[in-house]
Amino acid sequence: MTGTLTPPVTAIGEDDLESLARGAAVLGTGGGGDPYIGRLLAAQALREHGPVQLVAPAQLPDNATVFPVAMMGAPTVMVEKTPSVERIGHAVAALAEHLGVTPTHIACIEAGGVNSTFPLVAAARLGLPLVDGDGMGRAFPELQMVLPTLHGVAATPMSIGDEKGNVGLLTSIDNHWAESLARSLTITMGCAAIISNYVMTGAQAREGLVAGTLSLCTRIGRRVEQVRAAHGDAVLAVADELGGRVLHTGKVVDVARRTTTGFARGSAVINGADGDLTLEFQNEHLVALRDGRVEVTTPDLIIVLDTDSGEPVTTEALRFGHRVSVLAAPADERWHSPGGIALVGPRYFGYDTDPVRFDARERP
């Protein structure tokens, strides 16, 4: 990253939450759930249990037992169906009891929206350190779409629970089946559930996670606040932190959005001085087209920010008349391997295009 050097984050307390949530919403690429909701739950957990220690993946012992925790479902639904602090911690406890092991660390499976703050809630409630990393380096809509899948880590056994207290435990033959089965349960649970899965050893976590993403989220959030206070351009500051570029600036002139099969799906059209930019999303922004020509695609990041404030705008918050800027930024390079493209490339999502990198390069 090209941003200014700041001291490493070694713990997260209540004073860090606003910055963390803002940066997580940036990496969420439009998905991952409303960061405000995650921030409120994390604040409650930290007030009750104190700050949470951050541990770099490189510091994990080989025999650590790392439990990721996340929200699964449609971000549009999470706005109205907020789980309790207790339910988030219970997802880990239920899986640990089923496996007969004791968790040593909590982790984020994706660095986006509530899925960067819900693990913080679980870590605070259970009194465990949190790994400074995640399984994607961004957010993706399906359960198998994590780098640990590329490294041979199984998604199951996994726990899944709703806000009422229903809890299920799943075992599947592969990670794609885990997505299919868990998605069906999530829909039955009202399109929003808490899960814990991809339990890893310390050695597997060091290999499969993207290191430093929670520190990056916090750094992005702080920089936006600092630049804005100095009356600078927060959009350019975020692009600098991520090593990306500003793709488009304009006004939202059309939004089509629906919640179906457990996802928030749709498109948005942004009119600017250099034409119309259309964003296609499935929870997260996946493809950006300018006047019908593909500009950038998944797996690289497509990020929407409020032009004036630099605040990230989620897919459920996009509204007609909103003045926004769209950034394109690089994903973890492992996503551009053949296996990564097969898992999260545009053709997997039904788009008839090869991947286009954030700087408009097609994949070789």
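Atom set for the values below is all heavy atoms of this structure, side chains included, hydrogens, waters and symmetry mates excluded. A quick note: this is a predicted structure, and the numbers were derived from the prediction, not measured.
For the pair Asp359 and Arg357, the salt-bridge criterion is not met [side-chain N within less than 4.0 Å of a carboxylate O]. Using a 4.0 Å cut-off between charged side-chain N and carboxylate O, Arg138 and Asp300 make no salt bridge. Between Arg228 and Glu311 a salt bridge is recorded (basic side-chain N to carboxylate O distance below 4.0 Å).
Both Leu170 and Val153 are part of a single hydrophobic cluster, where members link through side-chain heavy atoms under 4.5 Å apart. Side-chain heavy atoms closer than 4.5 Å link hydrophobic residues (I, L, V, M, F, W, Y) into clusters, and following such links, possibly through other members, connects Leu95 to Val101. When hydrophobic clusters are built by joining Ile, Leu, Val, Met, Phe, Trp and Tyr residues whose side-chain heavy atoms come closer than 4.5 Å, directly or via intermediates, Tyr348 is grouped together with Met136. Under the 4.5 Å side-chain heavy-atom criterion for ILVMFWY residues, a single connected hydrophobic cluster contains both Trp177 and Leu150. Ile302 and Val269 fall into different hydrophobic clusters, where Ile, Leu, Val, Met, Phe, Trp and Tyr are joined by side-chain heavy atoms under 4.5 Å apart, directly or via other members.
Not a single donor-acceptor pair under 3.5 Å links the side chain of Thr218 to the backbone N or O of Ser19. Between the side chain of Thr298 and the main chain of Val344, a donor-acceptor pair closer than 3.5 Å is present. Formation of a donor-acceptor pair under 3.5 Å by the Asp233 side chain with backbone atoms of Gly310 is not found in this model. Within the 3.5 Å criterion, the main-chain N or O of His176 finds no donor-acceptor partner in the side chain of Ser180. Put simply, the side chain of Asn115 never gets that close to the backbone of Ala70: no donor and acceptor are under 3.5 Å apart. The main-chain N or O of Pro157 is never found under 3.5 Å from a side-chain atom of Thr171 such that the two would form a donor-acceptor pair. Using modelled atom types, one side-chain atom of Arg245 and one backbone atom of Phe358 make a donor-acceptor pair closer than 3.5 Å. Ser196 places a side-chain N or O within donor-acceptor distance of the main-chain N or O of Pro68, the cut-off being under 3.5 Å. In this structure, the side chain of Arg290 does not engage the main chain of Glu295 through any donor-acceptor pair within 3.5 Å. Side-chain N or O atoms of Thr315 include none that pairs as donor or acceptor with a backbone N or O of Gly31 at under 3.5 Å.
Residues Thr117 and Met71 form no side-chain contact, since every pair of their non-hydrogen atoms from C-beta on lies 4.5 Å or further apart. Contact of the Val252 side chain with the Ile270 side chain is registered, since non-hydrogen atoms from C-beta on lie closer than 4.5 Å. In this structure, the side chains of Met72 and Arg183 come closer than 4.5 Å at one or more pairs of heavy atoms. Within the 4.5 Å cutoff, side-chain heavy atoms of His285 are placed close to those of Val304. Contact of the Thr102 side chain with the Thr65 side chain is not registered, since no non-hydrogen atoms from C-beta on lie closer than 4.5 Å. By the 4.5 Å heavy-atom criterion applied to side chains, Trp335 and Leu147 are counted as neighbours. Put simply, the side chain of Met145 does not reach to within 4.5 Å of the side chain of Glu110, judged on heavy atoms. Side-chain contact between Ile220 and Leu242 is present, with heavy atoms from C-beta onward closer than 4.5 Å.
Minimum heavy-atom separation, Leu46 to Ile12: CD2-O, 3.9 Å. In plain terms, the two heavy atoms of Thr213 and Asp132 that are nearest each other are N-OD1, 3.6 Å. Residue Tyr198 comes nearest to Thr149 through the heavy atom pair OH-OG1, 3.0 Å, listed as atom of the first residue, atom of the second, then distance. Residue Ala193 comes nearest to Ile160 through the heavy atom pair CB-CG1, 3.7 Å, listed as atom of the first residue, atom of the second, then distance. Closest of all the heavy-atom pairs between Cys217 and Ser116 is SG-OG, 4.4 Å. Residues Leu54 and Ser215 come closest through the heavy atom pair CD1-OG, 4.4 Å.
Taken to the nearest 0.5 Å, the OH atom of Tyr351 stands 5.0 Å off from the CG atom of Leu286. To the nearest 0.5 Å, the span separating CE on Met158 from NE2 on His98 amounts to 11.5 Å. Annotation: the span from Asn63 atom CG to Thr104 atom OG1 amounts to 7.5 Å, rounded to 0.5 Å. To the nearest 0.5 Å, the span separating CG on Asp291 from CG on Leu277 amounts to 8.5 Å. Atoms CZ and CD, from Arg39 and Glu14 in turn, are 10.0 Å apart once rounded to the nearest 0.5 Å. Interatomic distance, Met200 CE to His105 NE2, rounded to the nearest 0.5 Å: 12.0 Å.
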Decide side-chain contact (heavy atoms from CB on, under 4.5 Å) for Asp306 and His322; before the verdict, give the C-alpha distance in whole Å, the side-chain angles of both, and the deciding distance to 0.1 Å. CA-CA 8 Å; Asp306 180 273; His322 200 160; 3.0 Å; yes
If you apply the rule salt bridge (charged side-chain N to carboxylate O under 4.0 Å, His left out), what do you find for Asp308 with Arg323, and how did you get there? CA-CA 8 Å; Asp308 293 332; Arg323 294 198 61 81; 6.0 Å; no
CA sep, side-chain torsions, deciding dist, call: Gln204, Val66, side-chain contact (heavy atoms from CB on, under 4.5 Å): CA-CA 9 Å; Gln204 288 174 315; Val66 182; over 6 Å; no
Report the C-alpha separation of Leu120 and Leu17 in whole Å, then their side-chain angles, then the decisive distance to 0.1 Å, and conclude whether the side-chain contact (heavy atoms from CB on, under 4.5 Å) test is met. CA-CA 10 Å; Leu120 182 62; Leu17 289 179; 3.4 Å; yes
Apply side chain to side chain donor-acceptor pair (under 3.5 Å) to the pair Thr156 and Ser172, showing each step before the final yes or no. CA-CA 6 Å; Thr156 67; Ser172 62; 3.3 Å; yes
Candidate pair Phe349 and Glu280, rule side-chain contact (heavy atoms from CB on, under 4.5 Å), full reasoning: CA-CA 10 Å; Phe349 294 100; Glu280 301 284 347; over 6 Å; no
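Open room surrounds CG on Asp352; 12 or fewer heavy atoms of other groups in view lie less than 6.0 Å from it.
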